[in-house]
Structure formats: structure tokens, C-alpha cells
Amino acid sequence: MAGAPGQGAQVRGRLTFAAGCALVGLVLAVALVSLVWLPYDPADTTGGRLAPPGGAHLLGTDKLGRDLLTQLMAGARTALIAGIGSVLVGGLLGVTGGLLAGFATRWLDDALSAALDIVIAFPTLLLAMLVAAAREASLGSVVLAIGLGMSAIVARLTRVLVKRVLAQDYITAARTSGTSWPRIVAEHVLPNIWPMLLVNLALQLGLAVLAEAALSYLGLGPPPPNASWGRLLQEAQATVLTAPTGAIAPGVLLVVLVVGTNLVADGLRDLADPTRRRSR
């Protein structure tokens with residue numbers, strides 16, 4: 001019976017993970033469909049201004065006469081590209097920096113830790129705004145900006161996890177037996193830190209999607225005709241009472257994607273550490 005709480009946590013973890021995958025998968029399916037089919041051209045403004053849902057436009061049109069369903073589908077593609085791209089950039093830079101800090105000498109480790117603390121203390125969205133404003137507004141600039149902002153968070157977590165692994169007796173035994181540091185990293189360090197890194201990167205994906213929407217809302221995201229849920233929200237705020245679908249629809253999709261990524265992260269955490277639920 002002693003293993004029952006842990007088994008219960010595993011079951012809850014699987015259910016949470018499955019629910020999160022279903023929500024993220026729904027948005028992913030919409031994004032994939034948008035690659036091969038869209039109801040209208042995203043730049044088509046012949047639908048009539050603020051047409052109500054129904055008829056030729058299932059969800060109506062926005063204030064520029066563009067089909068809202070088309071904008072939402074193309075926006076799903078933008079959100080996922082920005083989120084996944086930012087996680088790849090932030091993960092690559094962060095894991096590399098964290099590994100270097102974990103293996104660095106005392107003074108270099110202290111210097112890197114201080115630099116990471118300074119970057120983390122700087123608001124991520126503000127850092128992304130500065131990078132996006134310094135470059136030409138594009139989806140690539142958004143990915144780079146958000147990725148740089150999250151890299152410090154990933155690096156600090158990686159450093160802590162690496163230090164924890166390096167303090168284990170089996171690392172000392174491996175070094176005593178003559179195992180090289182690259183082999184130790186490949187065989188001992190990375191296999192032991194990847195579960196927690198995966199959880200953190202799943203959380204960062206949701207934050208990256210929100211950051212892209214915020215940058216687009218402020219006019220620093222990918223420019224038209226690229227669709228963005230954040231820009232749809234900004235454009236719909238003036239007509240939210242007369243045409244609420246334009247504001248509600250992208251907001252709902254943002255919530256679905258962010259909640260989905262958080263459920264995936266929570267499920268992964270439970271699966272990686274079945275005792276977590278029991279200790280609450």
C-alpha cells in the first residue's frame with residue numbers, strides 16, 4: 001500500500017499530461033491546416049467591415065474587412081512558430097551557458113551567476129521589446145528577442161542542476177576511473193538534468209506565446225500581412241462592444257494554448273517526480 005500515493009500521482013500526471021497535449025494538439029492541428037488551406041487570403045479585405053458571424057464568413061470579419069477565421073488560423077501558426085522557436089533559442093543558449101557555469105572555476109562561476117541574476121532581474125518583456133525595436137520588425141526578431149530573454153532563466157536552472165549532479169559520489173568515481181568530462185556530461189549530467197529542463201521549457205513555451213502576443217499588441221511583432229493573436233486583440237479593443245467575437249476568439253485561443261502548455265509541464269513534473277503530490 002506504500003506505493004499507492006506515488007501510483008496515484010503517476011495516474012494524475014498522465015491525465016494532466018494527456019489533457020495538456022489535447023489542448024496544445026488542437027492549436028497545432030489548426031496551425032498545420034493553415035499551412036495547406038485557409039478560407040481566404042490573410043490580406044483579403046473585401047469581406048466588409050465588421051461583418052457578423054455566418055454566411056461566407058463563419059466568425060465574421062474584423063474592422064479591416066479580413067475574414068476572422070482566416071486570421072485566427074494563421075495566428076495559430078505564428079504563435080507556435082514564435083513559441084517553439086524561442087524555446088529552441090533560449091534552450092540552446094541557456095543549457096550551454098548553464099553547463100559552462102556548472103563546470104567553471106569558482107571565480108568564473110560567481111561572475112556568470114551575477115550576470116545571470118542581472119539579466120533575470122531585467123524584465124523579460126522589456127528586454128524583448130528592446131531587441132525587437134533595435135531590429136527590423138519580423139517574426140525572426142520576435143523569436144530572437146524572446147529566446148534571449150528566457151535563456152538566462154534556463155541557464156540558471158541548468159547551472160543548479162549541474163552542480164547538484166556533480167556533487168554526487170558516482171561523478172567522483174567516474175573521474176577517479178579516468179572518464180573524460182565530455183563523457184561525464186553525455187552519460188551522467190545530461191540524462192539526470194533533462195527531465196527538469198523539459199518541464200521548465202514546457203512552461204517557457206507558454207510564456208513565449210504570451211510574450212509574442214504582447215509584443216504584437218504593442219506593434220513590435222511580425223508586421224502585416226502576418227497574422228497574430230496579439231495584434232487581433234489590439235485591433236479589436238475599439239469595437240469589443242459592437243463586435244465582441246474579434247476580441248473573444250483570439251483571447252480564448254491564447255488561453256487554450258497557454259493552459260495546455262502549463263498542463264503538459266505539470267504532467268511532466270508529476271511523471272518525473274511521483275512523490276511531489278504526496279509531499280503537498
Problem set entry | Euclidean distance, L88 CG relative to I84 CD1, rounded to 0.5 Å | 7.5 Å

For this session: Look at R269 together with D266 and state whether they make a salt bridge at an N to O cut-off of under 4.0 Å.
Result: yes

Exercise. Which heavy atom of V264 sits nearest a heavy atom of C21, and at what distance?
Worked result: CG2-N, 3.6 Å

Exercise. Between the side chains of T78 and E212, does any donor sit under 3.5 Å from an acceptor?
Worked result: no

For this session: Indicate if L68 and V30 have the same hydrophobic cluster label, given that clusters are the connected sets of ILVMFWY residues with side-chain heavy-atom separations under 4.5 angstrom.
Result: yes

For this session: Dump the intermediate steps for side chain to side chain contact (heavy atoms under 4.5 Å, CB included) on M150 and L207, then the final yes or no.
Result: CA-CA 9 Å; M150 78 169 58; L207 295 176; over 6 Å; no

Exercise. Does the T61 side chain pair with the main chain of L50, one donor and one acceptor, at a distance under 3.5 Å?
Worked result: yes

Exercise. How far does CG of L201 sit from OG1 of T261, to the nearest 0.5 angstrom?
Worked result: 12.0 Å

Exercise. So F103 and W181, would you call those rings parallel, tilted or perpendicular, with 30° and 60° as cut-offs?
Worked result: perpendicular

Seminar exercise, completed: Looking only at heavy atoms, the pair that brings T158 and L99 closest together is CG2-N, 3.8 Å

For this session: Taking all heavy atoms of A43 and all of P225, pick out the closest pair and write down the distance.
Result: CB-CB, 4.1 Å

For this session: May I ask you to decide if A174's main-chain N or O and T179's side chain share a donor-acceptor pair within less than 3.5 Å?
Result: yes

For this session: Indicate whether any N or O donor in one side chain lies under 3.5 Å from an N or O acceptor in the other, for T242 and T239.
Result: no

Exercise. How long is the span from the CG atom in L233 to the CD1 atom in I248, to the nearest 0.5 Å?
Worked result: 11.0 Å

Exercise. Looking at side-chain heavy atoms only, is the closest gap between R66 and E235 below 4.5 Å?
Worked result: yes

Problem set entry | side chain to side chain contact (heavy atoms under 4.5 Å, CB included) partner of L197, the single match among V199, N200, I193 | I193

Seminar exercise, completed: Between the CG atom in N262 and the OG1 atom in T16, the distance rounded to the nearest 0.5 Å is 11.5 Å

Problem set entry | Flag side-chain contact, heavy atom, 4.5 Å: V165 against Y170 | yes

